[in-house]
2 protein chains.
Amino acid sequence: MIKEKTETLHTIPDNESVDFGELKNSLGFLVRIAQVKIFKEFYIAMADTKLKPGEFSTLWIVGLNPGYRQGTIARSLNIKPAHMTKLVDRLVRAGYIERVVPPNDRRSVRISLTIEGQEFVNDHRAQFINFHISERENLSDDEYKQFISLLKKFNNLGSAQ
Amino acid sequence: MIKEKTETLHTIPDNESVDFGELKNSLGFLVRIAQVKIFKEFYIAMADTKLKPGEFSTLWIVGLNPGYRQGTIARSLNIKPAHMTKLVDRLVRAGYIERVVPPNDRRSVRISLTIEGQEFVNDHRAQFINFHISERENLSDDEYKQFISLLKKFNNLGSAQ
DNA sequence: TAAACTTAGTTTACATGGAAACTATTTCCA
DNA sequence: TGGAAATAGTTTCCATGTAAACTAAGTTTA
């Protein structure tokens with residue numbers, strides 16, 4: 001039901017036209033909004049997996065780098081050690097990952113995918129790639145490439161990598 | 001739970017050269033890394049303010065839009081209502097913001113900066129703008145502009161706004 | 001006008017993620 | 001050799017942020 005807007009006696013405006021000033025050009029603000037948007041899309045696209053972005057990324061990376069130390073994986077994904085412990089706990093409980101303490105350095109923990117984990121990643125590879133495609137949304141192919149390239153440069157991740 | 005393998009694992013590499021596969025081109029991953037980096041820089045640049053990014057942004061926006069409803073400010077910054085309540089609580093306790101319940105709609109809460117809050121924002125305006133400049137780091141002026149422009153487009157925030 | 005509905009914000013209960021302290025192991029070096 | 005330092009991961013504790021339930025107020029409609 002659309003109401004005809006009869007202006008009431010608000011001396012102070014409160015439509016949604018908020019003035020952002022410099023904030024509208026703030027990299028931090030814009031990146032945060034983008035982050036929120038992408039995560040929301042991830043949760044829709046990957047809903048059936050019941051996984052969070054960090055968990056899926058971890059499975060992905062462990063699949064490509066089996067037997068690496070937990071801490072190495074954590075650093076590569078910018079996940080803090082304390083958090084990684086819990087995240088891996090969940091993935092172990094889910095049956096996707098196994099921990100092995102190697103005898104030559106019993107401080108460390110090496111992680112790899114279980115058979116189940118490998119199957120899981122295989123079965124969701126396409127879904128994950130498609131999610132990345134649908135992420136593009138408002139950008140043309142060229143703009144998307146440019147965007148990715150600038151992000152890498154900003155993050156000090158050479159486009160070579 | 002944790003297995004001890006006698007089989008040698010030292011054949012498995014564990015330098016920091018992790019293979020990212022498709023993840024290295026993942027918008028979500030790259031945006032998250034950028035976010036972490038920018039927040040870290042914010043906390044260094046704005047350390048003396050003792051404020052978090054969301055709190056500073058809120059002060060900034062309230063300064064530009066005094067007397068707007070708390071919910072309007074929350075929506076504009078993508079902050080959830082429940083969180084906004086606590087965030088504004090903190091800013092009220094700090095003496096920067098005041099709440100007013102207008103008689104014509106006593107459900108709503110209109111917020112504005114106190115004198116102290118106005119002074120605070122004035123005193124830190126330059127610092128905030130400079131932070132945005134230092135954010136650029138690895139990007140040329142042109143690349144930075146392009147980056148901002150692509151972020152806006154991605155976020156559906158027309159460059160008009 | 002009264003009941004149903006909608007809107008605004010707060011409270012509650014919980015999950016996430018991080019810092020600091022801790023345990024266990026390995027390396028360094030006097 | 002043995003004590004100090006370094007390294008790897010875990011545990012504990014806390015702050016942050018969210019969903020869902022809730023309170024209060026305003027609007028619609030029969």
Side-chain angles (χ1 to χ4, degrees), chain A residues 1-6 8-10 12 14-16 32 35-36 39-40 42-43 50-58 62 67-93 97-111, chain B residues 1-4 9-10 14-16 32-33 35-36 39-40 42-43 50-58 67-93 97-111:
Chain A
M1 197 134 321
I2 297 168
K3 180 178 78 161
E4 300 230 351
K5 277 210 167 177
T6 46
T8 45
L9 303 175
H10 288 285
I12 297 165
D14 203 354
N15 47 42
E16 300 285 320
R32 184 172 154 276
Q35 163 100 292
V36 169
F39 271 38
K40 204 176 287 177
F42 175 93
Y43 281 113
K50 314 274 193 220
L51 294 182
K52 282 165 276 181
E55 294 170 343
F56 196 88
S57 298
T58 299
V62 173
Y68 270 47
R69 276 191 285 115
Q70 184 174 304
T72 303
I73 303 294
R75 261 188 307 284
S76 77
L77 292 173
N78 255 271
I79 293 173
K80 293 286 182 295
H83 182 203
M84 198 52 155
T85 294
K86 297 176 206 173
L87 194 157
V88 171
D89 281 350
R90 287 198 295 273
L91 294 174
V92 168
R93 243 178 288 123
I97 275 195
E98 59 183 2
R99 287 183 167 104
V100 174
V101 173
N104 58 315
D105 184 350
R106 310 204 331 98
R107 293 168 306 179
S108 64
V109 173
R110 291 180 180 272
I111 53 182
Chain B
M1 185 188 191
I2 296 177
K3 288 193 272 189
E4 289 202 19
L9 283 163
H10 65 272
D14 203 355
N15 47 40
E16 300 286 317
R32 183 172 153 275
I33 301 296
Q35 163 100 292
V36 168
F39 271 38
K40 205 175 286 176
F42 175 93
Y43 281 112
K50 316 272 192 218
L51 293 183
K52 282 163 276 181
E55 294 170 344
F56 196 87
S57 297
T58 299
Y68 269 48
R69 276 190 287 114
Q70 183 173 305
T72 303
I73 303 293
R75 259 189 308 284
S76 77
L77 292 172
N78 256 273
I79 293 173
K80 294 284 183 298
H83 181 202
M84 198 52 156
T85 294
K86 295 179 203 173
L87 195 158
V88 171
D89 282 350
R90 288 197 294 271
L91 294 175
V92 167
R93 242 178 288 122
I97 276 197
E98 59 184 1
R99 287 184 167 103
V100 173
V101 173
N104 58 317
D105 183 350
R106 307 199 338 94
R107 290 169 309 179
S108 64
V109 173
R110 290 178 180 273
I111 55 182

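Residue numbers begin at 1 in each chain, while the letters A, B, ... track the order of the sequences.
- Contact check, R106(B) against dA25(D): a side-chain N or O comes under 4.0 Å of OP1 or OP2.
- Where A82(A) and S108(A) each meet DNA chain D at their nearest nucleotide, the meeting point lying more 5' is that of S108(A).
- One atom, CD1 of I79(B), and another, C1' of dT16(D), lie 12 Å apart when rounded to the nearest Å.
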Chi angles and distances behind the salt bridge (Lys or Arg N to Asp or Glu O under 4.0 Å) call for D105(B), R110(B): CA-CA 10 Å; D105(B) 183 350; R110(B) 290 178 180 273; over 6 Å; no
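- Rounded to an integer number of Å, the gap from CG of D89(A) to C1' of dT16(C) is 14 Å.
- Base engagement by T85(B) is indicated by at least one non-hydrogen atom pair under 4.0 Å involving a base atom.
- Taking CG of L87(B) as the start and OG of S57(B) as the end, the distance is 9.5 Å to the nearest 0.5 Å.
- Within the 4.0 angstrom heavy-atom criterion, only backbone atoms of the sugar-phosphate kind lie near K52(A); the bases stay farther away.
- Residue R75(B) places no side-chain N or O under 4.0 Å from the OP1 or OP2 atom of dG9(C).
- What separates NZ of K80(B) from C1' of dT16(C) is a distance of 15 Å, to the nearest Å.
- Each of R69(A), K80(A), Q70(A) was compared with R75(A) under the side chain to side chain contact (heavy atoms under 4.5 Å, CB included) criterion, and only R69(A) meets it.
- Residue H83(B) is classed as a base contact, given a heavy-atom separation below 4.0 Å to a base.
- Nearest nucleotide to the R90(A) side chain, out of dG17(C), dT26(C), dT10(D): dG17(C).
- When rounded to the nearest whole Å, the span between CZ of F39(B) and C1' of dG17(D) equals 12 Å.
- Between M84(A) atom CE and dT11(D) atom P the separation is 16 Å, expressed in whole Å.
- With values rounded to the nearest 0.5 angstrom, M84(B) atom CE is found 9.5 Å from T72(B) atom OG1.
- The CZ atom of R99(B) sits 9 Å away from the C1' atom of dG9(C) (whole-angstrom rounding).
- Per the geometry, CD1 belonging to I97(B) stands 13 Å off P belonging to dG9(C), to the nearest Å.
- Residue R110(B) places none of its side-chain N or O atoms closer than 4.0 Å to OP1 or OP2 of dG9(C).
- Remark: P of dA8(D) and CZ of R107(A) are 6 Å apart, rounded to the nearest angstrom.
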